[in-house]
Every structure is written in C-alpha cells, then in structure tokens.
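This report refers to the structure that appears directly beneath it.
This one's a predicted model, so the numbers in the text were calculated from it and none came from an experiment.
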Amino acid sequence: MTKAALFDLDGVIADTAVYHLQAWHKLIQDHFDLDAPADLLAQTKGLSRTDSLAAILSGLDLTVTDDEFTQLAAEKNALYQQLLANLNEDSILPGIADLLAALRKKGFRLALASASHNAPLILDKLGLSGTFDAIADPRKVAHGKPAPDIFLAAAKGVGCQPEDCIAFEDSAAGIAAIKAAGSFAVGVGQQAARQADIGFPDTAALELDQILDSWHK
C-alpha cells in the first residue's frame, strides 16, 4: 500500500503567517487608511490570497472594482515576498525536520498541500526543496480550502489514495478540507485540534507513533 503524509505550509512547516498578517496590515493601511482588526485577519487562516482579500474587504465593508481587487492581491503578494527575505532554515518550526525524516524512514511519500502560490520559494529558503515528492499547485484546483481539492491533488501527486494519507493542518478550514478528502486529519494548534482526528498544541508536541496508532484504530 502506498501511504503518504500531506502537509500544509503556513503554521505547520514554518511560521510564515506572521508575514501574511504584516503584509495585509500594510496593504489596508496604505490604501484605505484603516487598521484591519486581528480577529478579522484571523479568519483568513488557511484561505487563498484572493479568498483572504475578499474576506477582509467584506469585513471592513469596502468595495473595489475587479481591476482594483487584482491590483491589491498582486501588491499584497509583493509585500509578502519582500518579508520572506527573512526566511531561512532556522525558520522551520520545532520538530518538523525530525518528523519529515521519520515519515520518510517509515516509507511515507511526502506532499505539500498549501494554498500558497509561494510554496516553492518558501521551501527553497527553508532548505526543503528536495524533501517533498510533490507540491500541489493551488492555481490548478477549482476550489480552495475548506474544499478538499488541494489535498486530493496532493494525494494524486504522490500516487496515493486519500484514505491512505495522513494530513497536517493548523487551520479549521484546512482540517475541514482534509476530512472532506477522506484523509486522517492531524491538527496543530488550538483552532485545528478541536476538529481534527488527533490534535497537538504545537509542532514540537507532534508524536508520530501516537498519530499512527490513532490512525490505524
């Protein structure tokens, strides 16, 4: 049986979420002279860039044209990429490098299932470019999380059935996507752990043997 581990990126492999928040704050401040509330930005966790922008604009009761929307999304990405210059191998979250190695040793194929269009760039900066067997392209799936599309694409990318995959996520939308795909959901952090098949407070607490025992029950 081919088995695989599917990973979200932001908040699971590296804490790039802080850079997203900084970029959104600057974008909204520069264009609308407003501060985006923390609870509003928290709702974008796990969502694509366009879905996040739509949620923020709606939450702030702002209306823009289609062209302005496209421009704002592109500018946010440029701001985010500038902030990613700070990323390096030390930015990998605690326990993740060992977990990836342990999964590989146990015969798991590894795939990335992230909504980030910048995933290849981020993996390169983290020194993990050669670690994953497949990277699902969010631009080639019909629907973002909480739809299962990105996880189904990741499983397909490593030639694995979704039910033969375990998947790691730190957002409620991501956990919903994993379960809709039919995979075993591992939640990282309070938000994700509540709805996952098994949950952990942070990446440092992840225990592979415990996860596998729970998966096979």
Which pair of non-hydrogen atoms, one from [X] and one from [Y], has the smallest distance, and what is that distance?
X: Ala177; Y: Lys145; answer: CB-CG, 4.0 Å
X: Leu53; Y: Ala73; answer: CD2-N, 3.8 Å
X: Ile92; Y: Ala97; answer: CG2-N, 4.2 Å
X: Ala136; Y: Ala153; answer: CB-CB, 4.0 Å
X: Ile13; Y: Leu128; answer: CG2-CD1, 3.7 Å
X: Leu208; Y: Leu99; answer: CB-CD1, 4.1 Å

Within-4.5 Å side-chain heavy-atom neighbours: [X] and [Y]:
X: Ile198; Y: Trp215; answer: no
X: Leu34; Y: Leu62; answer: yes
X: Val64; Y: Phe32; answer: yes
X: Gln210; Y: Phe200; answer: yes
X: Tyr19; Y: Asn118; answer: no

Discussion item. What I want to find out is whether Asp133 reaches Arg104 closely enough, with some N-O distance under 4.0 Å, to be called a salt bridge.
Written reply: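 Judged by the 4.0 Å cut-off on N to carboxylate O distance, Asp133 and Arg104 do form a salt bridge.
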Item to complete: Begin from the C-alpha positions of Asp209 and Lys106 and carry the test side-chain contact (heavy atoms from CB on, under 4.5 Å) through to its verdict.
Response: CA-CA 11 Å; Asp209 287 342; Lys106 287 183 179 290; 3.9 Å; yes
Could you list the donor-acceptor pairs under 3.5 angstrom formed by side chains in residues 107-114, with sequence neighbours left out?
from: Arg109; atom 1: NH1; to: Val158; atom 2: O; distance (Å): 3.3
from: Ser114; atom 1: OG; to: Ser116; atom 2: N; distance (Å): 3.0

Taking atom [atom1] of [X] as the centre, report whether more than 12 heavy atoms of other residues, nucleotides or ligands fall under 6.0 Å from it.
X: Glu68; atom1: CD; answer: yes
X: His31; atom1: NE2; answer: yes
X: Asp30; atom1: CG; answer: yes
X: Lys3; atom1: NZ; answer: yes

Item to complete: Run the numbers on Asp164 and Thr2 for side-chain contact (heavy atoms from CB on, under 4.5 Å), then give the verdict.
Response: CA-CA 7 Å; Asp164 295 326; Thr2 303; over 6 Å; no
Approximate separation, where rounding is to 0.5 Å, of [X] [atom1] and [Y] [atom2]:
X: Gln81; Y: Ile122; atom1: CD; atom2: CD1; value: 9.0 Å
X: Asn86; Y: Ser91; atom1: CG; atom2: OG; value: 8.0 Å
X: Leu41; Y: Asp35; atom1: CG; atom2: CG; value: 10.0 Å
X: Trp24; Y: Leu72; atom1: CH2; atom2: CG; value: 8.0 Å
X: Lys125; Y: Leu123; atom1: NZ; atom2: CG; value: 12.0 Å
X: Asp10; Y: Asp170; atom1: CG; atom2: CG; value: 7.5 Å

Practice prompt. Check the pair Lys179 / Gln195 against side-chain contact (heavy atoms from CB on, under 4.5 Å), numbers first and verdict last.
Written response: CA-CA 9 Å; Lys179 300 190 100 171; Gln195 301 176 41; 5.6 Å; no
Practice prompt. Output yes when a side-chain donor or acceptor of Thr203 lies under 3.5 Å from a complementary backbone atom of Pro94, and no otherwise.
Written response: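 Side chain of Thr203 to backbone of Pro94: a pair is present.
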Discussion item. Between Asp197 and Ala185 (side chain of the first, backbone of the second, donor and acceptor by atom type, cut-off under 3.5 Å), is there such a pair?
Written reply: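 Flag set: sc Asp197 to bb Ala185 pair under 3.5 Å.
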Group every Ile, Leu, Val, Met, Phe, Trp and Tyr by side-chain heavy-atom contacts under 4.5 Å, then state whether [X] and [Y] land in the same group.
X: Ile166; Y: Ile150; answer: no
X: Leu100; Y: Leu212; answer: yes
X: Leu27; Y: Leu57; answer: yes
X: Phe151; Y: Ile135; answer: no
X: Leu206; Y: Phe132; answer: yes

Worksheet item: With Phe168, which of Ile211, Ile175, Ile96 fulfils side chain to side chain contact (heavy atoms under 4.5 Å, CB included)?
Response: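 Going through the options one by one, the only one that passes is Ile211.
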Worksheet item: Residues in side-chain contact (heavy atoms from CB on, under 4.5 Å) with Ala55, at least two apart?
Response: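 For Ala55, no residue satisfies side-chain contact (heavy atoms from CB on, under 4.5 Å) once neighbours in sequence are set aside.
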Discussion item. As a quick check of understanding, evaluate side-chain contact (heavy atoms from CB on, under 4.5 Å) for Thr44 and His20, giving each step before the final call.
Written reply: CA-CA 10 Å; Thr44 68; His20 282 296; over 6 Å; no
Practice prompt. Go through the side-chain N and O atoms of His117 and Asn77 and say whether any donor and acceptor fall under 3.5 Å apart.
Written response: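 Short answer, no.
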